[in-house]
Structure formats: C-alpha cells, structure tokens
Amino acid sequence: MKSKRRVLITVYLFLAVVFCLLSGSVYFHYDVNDKAHYVTSEACQQCHSVRYDSWKNQTLHPVMFHPINNLDEIQGDFDIDSPVVTFKKEEVEFVIGNKWEQVYARMIDGEYYLFPAKWLITTQQWVPYKVDSWRDTPLSTNCNGCHTTGFNSDTYEFSEYGIGCEACHGQASKHVKLQQRLAPDTMCSLCHANDLPPEDKEIIVSIKNSVCGQCHSRGQQSRGNEHMQTSFNFPLNYKPGEALPADYQQSTKQNDSKGKNWWATGLSKNRHQEFADFSVSAHSKSLRNLKEKMTPDRGELTDECLECHSADYRFAEEGSKPTLETAQEGITCVVCHDPHGLDREFKSLHVSAERCGSCHLDSFSNKAADTGRAHSPCPPSAAVCADCHMPYIIKSGGAFPIRSHAFKIVPPAATEALNMPNSCQNGGCHEDKTLEWAKQAFDEHYPEYTGNE
C-alpha cells in the first residue's frame, strides 16, 4: 500500500513539473512575441560591455541631453558678470551639449524649456539664446527626437536621455529576453536554441548612412491630426536601416533663404548637417562611380575593387562578401567612424592619413607622377588629409570647430569672394599668414585646380 502511495506521489510530482514546464513554455512564447519596446542601454551592458563602456566614456552620445547630477557638469562660467545671464547656476536642471557649447534647460508644467542664454565653450563666452521665443521652443518638438532615445511623438515621452544603443539598433526588448531565455543553462534552450528566425534573434545592425543621418541632418517633419498640426525639427518614427521618412524635409541651400545653414558654395555652414554633405560626396557615390566610371586604363573591374568602394563588402565576413552585382552600399559613415567610440579608445582604429591612404594611395601617386609635384606641399607631420579635404567650416560655439563632410577643398580665393573659412588657414595650419600669401601659395602648387577636388 505504501509502495503504491509513493508511486502515485511520484506520478503527481512528475505531472506537476511537466505542467509547470508547459505553462512556462506557453508564457515564454507569448512574452517573446509580444510587441518590442525600449529597454535602455543599461540592458545591453552585460553582454556588450566593451562596446558599452567605450560608448559611455569615449563618445558624446550619452551626454547630449541629461539631467544634472552635480553642478560640475555645467561648464558655463557664472562668475562672469554678463547681462544675458538672468538665471542662477542652481536653477539649471538639464544640460544639452558639452563639447562646443552648452544650453541649459528646466522643466515647466511637464515640458522642457531653455534658459535664455547659452555658454559657448569654444570661445568661452555667454550669448543670448531664444530670449523672446523660449516658450515657443519646447525641447519636445525641437530637440528631443535627436537628443533622446525612443522619443514618442504622440506622448512626447522617451526611454532614455541621450543617444543610446537603441537609437541605432532599434527596440531591444525581444533581443534581450531571447538572450536571457536561450542561455545554455535554461530549459528553453533545449528546444529553441536554433529554430528561431533571424529577426527574432538579432537587433538591427545597419551600415547605412541614414542611421547617422536621422540626427546628423537638419530639417522638419509635420504630423497632423483633426485638431492641429505639429512640426518637429527631426525625423519621426525612424527605424534604423530604413531611409529617412519621405515627408522629412531636409534643409538645403535652396530653402535656406537667410543663408544661415549653407555657404554659397553649397557646403554646410551650420552643425547637424553632416548627412546632407556626405550624401553629395564622392564617398557616398563610390559604388556607383566604380561601376560607371571604371575604364581599362585603371585596371580590371573585379569584386576586390569593392574593398575601397563598398561598405557592405568591407564589413561582410569572409565567405559571405557581396559581389559587384549584389553590393548595395558605397562608402558609409561607419567605414571611418566607429559609433561605439572604439576608434578613440584604440588609436590603431582612428582615422588617419594611413586610413585614407589605404584606398587613395594610387591616386596620390598617379597625380604626383602626372604633375611632377607632391600631392601636398605640407609635410605629413604638419597636416593630414582631413585638414585640406575636410576643412573646419562648420560654425558652433562662436567659431568654426567642425569639419565639413563633403570632402571638398575650399581654396583661399573663396574666403575673399564668399567670406568663408578656407582649407589652408582655418584649423591652425597657416592662420598666421595673410590671405594674399595663401592665395598665391595655393595657385602656385595647384595651378590645375578646378573646384572639383
């Protein structure tokens, strides 16, 4: 009798365990297939600690907009007696920016508003900012789409201050849950380690320029309802890997009636426009140009040419690289910039003359052979490729500390004709020389310059 009782107890326990497992499985499936949502960058840290730490410490992204933890985060000098500073340091609740300039904000009735003065880090001075229009410039419609992660244009809420992992990789809740549930030491991995579709296993990893362009662009997009229409100064509901929304109207030279954002040459004058500049550069068109302009005198057109002309070829693993027929992207932002800041943490990955030379060495040599002159009259120790081809012509912080991304040389003659900085004198190279000297030196070394370089 006791033996029979023990058997029954064992059977009941077995059935209970099975029921729990089956119940857990049903819940598991329901939970994973639930709608994806934002979980913040902290959820990525455990599995991606190297990239997380580098992003956190080596990039500006996480601190582009954040609440004040201590007053030392405020770089503005409140000891300066400036009539434009009508607020106290202790009143600042939020900070926007920390490299070229800082703007300060506070919360009023559930909305973020700017204080009427900003600190120019570049030139170390206070200037008035939105003095008469600060109530018409809430951060939710003007800034938060690019300075926060997971911004919701319906509720104006967001998941995370600053630009976090999910701004570039998409909502990560399903990815995080799956990685946790399918770990080798969980019961679920016995059945489901390999049978899930790729879209449920991975977050978005895209090399497209639009991933950066969602914030490194200037423009407007409107959203209307039956009551009113609201205009936002950033793309709405962008999903990484897709093109920017068709109804997002980017700033162009043609619609810049006041000349605030663009030089007369068509190059960017204001910040947040790297995407527009890069989109017209030869780098972004490198794949198309390879196919259309390759001539026999340049050699045979092969898949190996894609190493310098296609980002998806460069980043694909051996054995799965695209061909001339299947490659999709030209050179994109991530070829030169590591978005996690690893190129800053590990200097061997940083953009340098060697990085440019890996693709342009032949053109340097060929041009030097054709002209009988070195590619540049400046010694390599004094100037790198970016000094001439990515000049400091973008204004921020009261000066021009940001490089152009159109990869166009700006000759000294443009300074005289258009009152814009040039490649030779801005950035510290020949700022001690006169404009006349720079014009003469440029013309002597580049007599064949046509304005297309």
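A donor-acceptor contact shorter than 3.5 Å is absent between the side chain of S281 and the backbone of A406. Q124 places no side-chain N or O within 3.5 Å of a backbone atom of T122 that could act as its donor or acceptor partner. Using modelled atom types, one side-chain atom of T252 and one backbone atom of N255 make a donor-acceptor pair closer than 3.5 Å. Not one N or O on the side chain of E111 forms a donor-acceptor pair closer than 3.5 Å with the backbone of P138. With S54 contributing its side chain and G341 its backbone, the two residues share a donor-acceptor pair below 3.5 Å. A donor-acceptor distance shorter than 3.5 angstrom exists from the side chain of S217 to the backbone of G213, with no hydrogens or angles considered. Within the 3.5 Å criterion, the main-chain N or O of S159 finds no donor-acceptor partner in the side chain of T149. Panel note: side chain Q214, backbone V211; a donor-acceptor pair is recorded below 3.5 Å. In this structure, the side chain of Y112 does not engage the main chain of N144 through any donor-acceptor pair within 3.5 Å. Using a distance-only test at 3.5 Å, with no hydrogens or angles considered, a donor-acceptor pair links the side chain of T123 to the main chain of G397.
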Fill in: Pair S173-Q171, side-chain hydrogen bond (donor to acceptor under 3.5 Å, both in side chains): steps then yes or no
CA-CA 6 Å; S173 61; Q171 297 169 324; over 6 Å; no
Practice prompt. Please report the C-alpha distance between D277 and S404 in whole Å, then the side-chain angles of each, then the deciding distance to 0.1 Å, and finally whether the side chain to side chain contact (heavy atoms under 4.5 Å, CB included) criterion is met.
Written response: CA-CA 7 Å; D277 265 353; S404 167; 3.8 Å; yes
Worksheet entry | side chain to side chain contact (heavy atoms under 4.5 Å, CB included) evaluation trace for W119 with I80 | CA-CA 11 Å; W119 175 251; I80 295 178; 3.8 Å; yes
Worksheet item: Does the side chain to side chain contact (heavy atoms under 4.5 Å, CB included) test come out yes or no for H340 and T59, once each step is laid out?
Response: CA-CA 7 Å; H340 305 102; T59 77; 5.9 Å; no
Discussion item. N152 vs E157, test: side-chain hydrogen bond (donor to acceptor under 3.5 Å, both in side chains). Steps then yes/no.
Written reply: CA-CA 5 Å; N152 186 320; E157 295 178 347; over 6 Å; no
Practice prompt. Output, in order, the C-alpha distance, side-chain angles, deciding distance and verdict of side chain to side chain contact (heavy atoms under 4.5 Å, CB included) for W263 and V410.
Written response: CA-CA 11 Å; W263 296 107; V410 180; over 6 Å; no
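E93 is linked by a salt bridge (charged side-chain N to carboxylate O under 4.0 Å, His left out) to nothing, counting only residues two or more places apart in sequence or in another chain. In this view, D154 and R223 satisfy the salt bridge (charged side-chain N to carboxylate O under 4.0 Å, His left out) rule, not counting sequence neighbours. In this view, L435 and P412, T415, E416, N422, Q425, K439 satisfy the side-chain contact (heavy atoms from CB on, under 4.5 Å) rule, not counting sequence neighbours. Legend: residues meeting salt bridge (charged side-chain N to carboxylate O under 4.0 Å, His left out) with E160, ordered by chain and number and at least two apart, are absent. Take Y129 and apply the ring pair (Phe, Tyr, Trp, His ring centres under 6.0 Å) test, not counting sequence neighbours, and it matches no residue.
Contact annotation: the side chain of P240 never approaches that of C168 to less than 4.5 Å [non-hydrogen atoms, C-beta and beyond]. Taking the side chain as every heavy atom from C-beta outward, N98 and Q75 approach each other to under 4.5 Å. In this structure, the side chains of R218 and F234 stay at 4.5 Å or more apart for every pair of heavy atoms. Within the 4.5 Å cutoff, the side chain of S423 has no heavy atoms near those of the F442 side chain. At least one side-chain heavy atom of I402 sits under 4.5 Å from a side-chain heavy atom of E274. In this structure, the side chains of V39 and H175 stay at 4.5 Å or more apart for every pair of heavy atoms. For the pair T332 and D312, the minimum side-chain heavy-atom distance is 4.5 Å or more. The side-chain heavy atoms of P421 and Y392, taken from C-beta on, include no pair separated by under 4.5 Å.
Relative ring orientation between H375 and H389 is described as parallel, the plane-to-plane angle staying below 30° on a 0-90° scale split at 30° and 60°. In this pair, W437 and H430 present their aromatic rings tilted. The plane angle is within the 30 to 60° band. Taking the six-membered ring for Trp and thresholds of 30 and 60 degrees, H405 and F407 have ring planes more than 60 degrees apart, a perpendicular arrangement. Note on ring orientation: taking the six-membered ring where Trp is involved, the planes of F232 and Y156 are perpendicular (angle over 60°, cut-offs 30° and 60°).
The shortest non-hydrogen separation linking V334 to F315 is O-CZ, 3.4 Å. When every heavy atom of S284 is checked against every heavy atom of F278, the shortest pair comes out as OG-O, 3.0 Å. The shortest non-hydrogen separation linking A36 to K174 is CB-CD, 3.9 Å. The heavy-atom pair separating A327 from L287 by the smallest distance is O-CD2, 3.5 Å. Minimum heavy-atom separation, P322 to Y313: O-CD1, 3.4 Å. The shortest heavy-atom contact between G164 and W55 is CA-CZ2, 3.7 Å.
Considering OG1 of T148 and CE of M64, their distance stands at 11.5 Å, rounded to 0.5 Å. With rounding to the nearest 0.5 Å, the separation of CD1 in I203 from SG in C165 is 7.5 Å. A distance of 8.0 Å separates CD of E307 from OG of S358, quoted to the nearest 0.5 Å. L290 CG to S310 OG: the interatomic distance, rounded to the nearest 0.5 Å, is 9.0 Å. For the atom pair CZ of R314 and NZ of K321, the computed distance is 9.0 Å after rounding to the nearest 0.5 Å.
Within 6.0 Å of NZ on K208 lie no more than 12 heavy atoms contributed by other residues, nucleotides or ligands. When the shell of 6.0 Å around CG of N70 is examined, it contains more than 12 heavy atoms from other residues, nucleotides or ligands. Within a 6.0 Å sphere centred on NZ of K269, other residues, nucleotides and ligands contribute more than 12 heavy atoms. Within 6.0 Å of CG on D132 lie no more than 12 heavy atoms contributed by other residues, nucleotides or ligands. Open room surrounds CZ on R51; 12 or fewer heavy atoms of other groups in view lie less than 6.0 Å from it.
Residues in residues 77-92 take part in no side-chain hydrogen bond (donor to acceptor under 3.5 Å, both in side chains) pair, two or more places apart or across chains.
With 3.5 Å as the limit, one finds no donor-acceptor pair spanning the side chains of E42 and T40. Judged by distance alone, the side chains of Y248 and Q250 never bring a donor and an acceptor atom under 3.5 Å apart.
For F151 and Y38, the gap between ring centers reaches or exceeds 6.0 Å. A centroid separation of less than 6.0 Å is found between the aromatic rings of F78 and W126.
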